2 protein chains.
Amino acid sequence: MDHAITPTGQHDHAHCVSSALAAAEARCTGTAKLTQSRRRVLEIVWESHRPVGAYDILDRMAKDGNPAKPPTVYRALNFLLEQGLVHRLESMNAFIGCGSTSVDGHAAQFLICRDCNMALELDDPTLRKALDQAARNSGFRVDRRVVELSGVCADCQKAA
Amino acid sequence: MDHAITPTGQHDHAHCVSSALAAAEARCTGTAKLTQSRRRVLEIVWESHRPVGAYDILDRMAKDGNPAKPPTVYRALNFLLEQGLVHRLESMNAFIGCGSTSVDGHAAQFLICRDCNMALELDDPTLRKALDQAARNSGFRVDRRVVELSGVCADCQKAA
DNA sequence: ATGACTCATGTTATAACATAACACAAGGCC
DNA sequence: GGCCTTGTGTTATGTTATAACATGAGTCAT
Ligand SMILES: [Zn+2]
Ligand SMILES: [Zn+2]
Ligand SMILES: [Zn+2]
Ligand SMILES: [Zn+2]
């Protein structure tokens, strides 16, 4: 039994969370430690497949009895970004857990549903090649790719 | 004599500005008027091929004797965005004049140089198709595309 | 075990980016 | 004139993110 392609609707989300946390533990064995507060932020990010704002995380922490200040959350998020455990969605000023299984350097294109607010991470090498080729045609060397497509997901199209 | 492919280095930038302004005049003939303040903001955006922040525009207006408040600038920018005369670069919270000659619905992929800060607008239909196809493979219908590739432009690579 | 060092955290304040809400003015139109 | 739409001015506030400095917890060599 496999994971669904889209993380909307019915799926074993506890599995998403536990595997994400396990991957984080595995990755943070060296000097970069997954501390309490970093783990807490990562858990909150993984509470859904919807991008979550830094101040949403702050609110969440206040509610569950661990109030924090902005720098605490931004530090944790920056750490998680560096480790490749979360992504930042530039078009929303929000963060989402990295759903890629590849160790690093994945492409991270996002499909963002304007109805249900879900964000699906793609890791499409063809797309990445096409982007890099387009840049190369203009002589650009690409370091960082922001690809965020907004629209309506399959589930929401059916619902409408 | 044609326009250079990259708007870096030596080129007739006065031409860029005048054609952009002329295109804006042409587009804003109906109920949507290119008023004084909108035109001023558009001129400031077009002062370079570098993305410019809303508060940079405010500073610029203060310096040249037409001080303004944030809503004034954001209103003008939103108007210009609606008319397709400028684009917003989500990854930088900044704005840039639209360099596309096509009337509307262009793809607007951006190559952003981290060294010289220039942003080059592409309008690559192949890329757009690849993006839409990737989305369609996941059942997504795409309304809006944010494609911003950061790296080093050809000129800056040569300089290094 | 002490001092020096590094890494993480706490805390205060502020910077940077963006909009809500309301008042008013100019122009078209009946 | 009275009405409507569009644009502008102004005040205040909301939202997102970081600077700067102090404190604490662990490691390690002397
Ligand atoms: Zn899940
Ligand atoms: Zn949806
Ligand atoms: Zn130019
Ligand atoms: Zn450059």
Side-chain angles (χ1 to χ4, degrees), chain A residues 24-25 27-45 50-62 64-83 85-96 112 117 146 148, chain B residues 24-25 27-45 50-62 65-83 85-96 112 117 119 146 148:
Chain A
E25 297 287 358
R27 180 159 315 182
C28 301
T29 48
T31 54
K33 295 236 167 46
L34 189 67
T35 61
Q36 185 93 19
S37 72
R38 290 165 176 175
R39 175 200 303 272
R40 185 71 195 110
V41 169
L42 185 59
E43 284 170 357
I44 290 169
V45 166
R50 285 186 268 281
V52 58
Y55 282 76
D56 296 335
I57 295 173
L58 280 163
D59 291 347
R60 187 74 184 72
M61 290 175 86
D64 66 33
N66 289 91
K69 307 268 171 58
T72 300
V73 166
Y74 280 101
R75 282 169 182 157
L77 287 169
N78 286 332
F79 172 85
L80 296 169
L81 286 168
E82 282 163 10
Q83 301 304 313
L85 296 169
V86 304
H87 294 287
R88 180 181 156 80
L89 296 184
E90 298 292 341
S91 62
M92 308 180 70
N93 294 336
F95 302 85
I96 190 166
I112 303 164
N117 206 32
V146 173
E148 299 173 16
Chain B
E25 296 289 357
R27 181 160 315 183
C28 301
T29 47
T31 54
K33 297 235 166 48
L34 190 68
T35 61
Q36 185 92 18
S37 71
R38 291 164 175 175
R39 174 198 306 271
R40 185 71 194 106
V41 168
L42 185 59
E43 285 169 357
I44 291 169
V45 166
R50 284 187 269 281
V52 60
Y55 281 75
D56 295 336
I57 295 172
L58 280 163
D59 291 348
R60 185 76 185 70
M61 290 174 87
N66 288 92
K69 306 268 169 61
T72 300
V73 166
Y74 280 102
R75 281 168 182 157
L77 286 170
N78 287 331
F79 172 85
L80 296 170
L81 285 168
E82 282 163 10
Q83 301 306 311
L85 296 169
V86 304
H87 293 286
R88 180 180 157 81
L89 295 184
E90 297 292 342
S91 61
M92 309 181 67
N93 295 335
F95 302 84
I96 191 166
I112 304 164
N117 206 31
V146 173
E148 300 174 15

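It should be emphasised that the depicted structure is a prediction, and the values quoted were computed from it without experimental measurement. Chain naming here is simple, since letters A, B, ... match the order of the sequence lines and numbering starts at 1 in each.
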- Taking only the side-chain nitrogens and oxygens of B:K33, find out if one of them lies under 4.0 Å from OP1 or OP2 of D:dG7. no
- So, do B:R38 and B:L85 sit near enough that their side-chain heavy atoms are less than 4.5 Å apart? no
- Task: Check the distance between C:dC17's P and B:I57's CD1 and give it to me in whole angstrom.
- Result: 11 Å
- Task: From the options C:dT12, D:dT8, C:dA18, select the nucleotide whose nearest atom is closest to the side chain of B:P70.
- Result: C:dA18
- Message: A quick test of your reading: do over 12 heavy atoms of other residues, nucleotides or ligands sit less than 6.0 Å from CZ of A:R88?
- Response: yes
- Task: Output yes when A:D56 and A:R60 qualify as a salt bridge under the 4.0 Å nitrogen-oxygen rule, no when they do not.
- Result: no
- Message: Between B:S37 and A:Y55, which residue's closest nucleotide on DNA chain D lies nearer the 5′ terminus?
- Response: B:S37
- Measure the distance from CZ on B:F79 to P on D:dT6 and round it to the nearest whole Å. 12 Å
- Message: Tell me the closest heavy-atom pair linking B:A94 and B:P51, and the distance in Å.
- Response: CB-CB, 3.6 Å
- Task: From the options D:dT18, C:dT19, D:dG7, select the nucleotide whose nearest atom is closest to the side chain of A:Y74.
- Result: D:dT18
- Message: So which atom in A:L81 and which in A:V86 form the shortest heavy-atom distance, rounded to 0.1 Å?
- Response: CD2-O, 3.4 Å
- Query: Can you tell which of C:dT11, D:dA17, D:dT10 lies closest to the side chain of B:T72?
  - Reply: D:dT10
- Message: If I take atom CZ in residue B:R40 and atom C1' in nucleotide D:dG9, what distance separates them, rounded to the nearest angstrom?
- Response: 19 Å
- Task: Check each of A:V41, A:I96, A:L77, A:V45 against A:V52 using the side chain to side chain contact (heavy atoms under 4.5 Å, CB included) test, and report the only one that passes.
- Result: A:V45
- Taking atom C1' of C:dA15 as reference, at what distance in whole Å does atom CG of B:D59 sit? 13 Å
- Taken to the nearest whole Å, NZ/B:K69 to P/C:dA20 is 18 Å
- Query: Which whole-number value in Å describes the distance from A:L58 CG to D:dA17 P?
  - Reply: 11 Å
- Within the structure shown, what part of the strands sits under 4.0 Å from A:R75 by heavy-atom distance: base, sugar-phosphate, or nothing? base
- Close approaches to DNA chain D from residues 86-94 of chain A, in residue order (heavy atom, under 4.0 Å): A:R88, A:N93
- A:E148 side chain to A:E90 main-chain N or O, any donor-acceptor pair under 3.5 Å? yes
- d(CG, A:N78; C1', D:dA19) in whole Å: 14 Å
- Task: Quickly work out the B:Q36 CD to C:dA26 P distance and round it to whole Å.
- Result: 15 Å
- Can you figure out which of C:dA18, D:dG7, C:dT9 approaches the side chain of B:T35 most closely? D:dG7
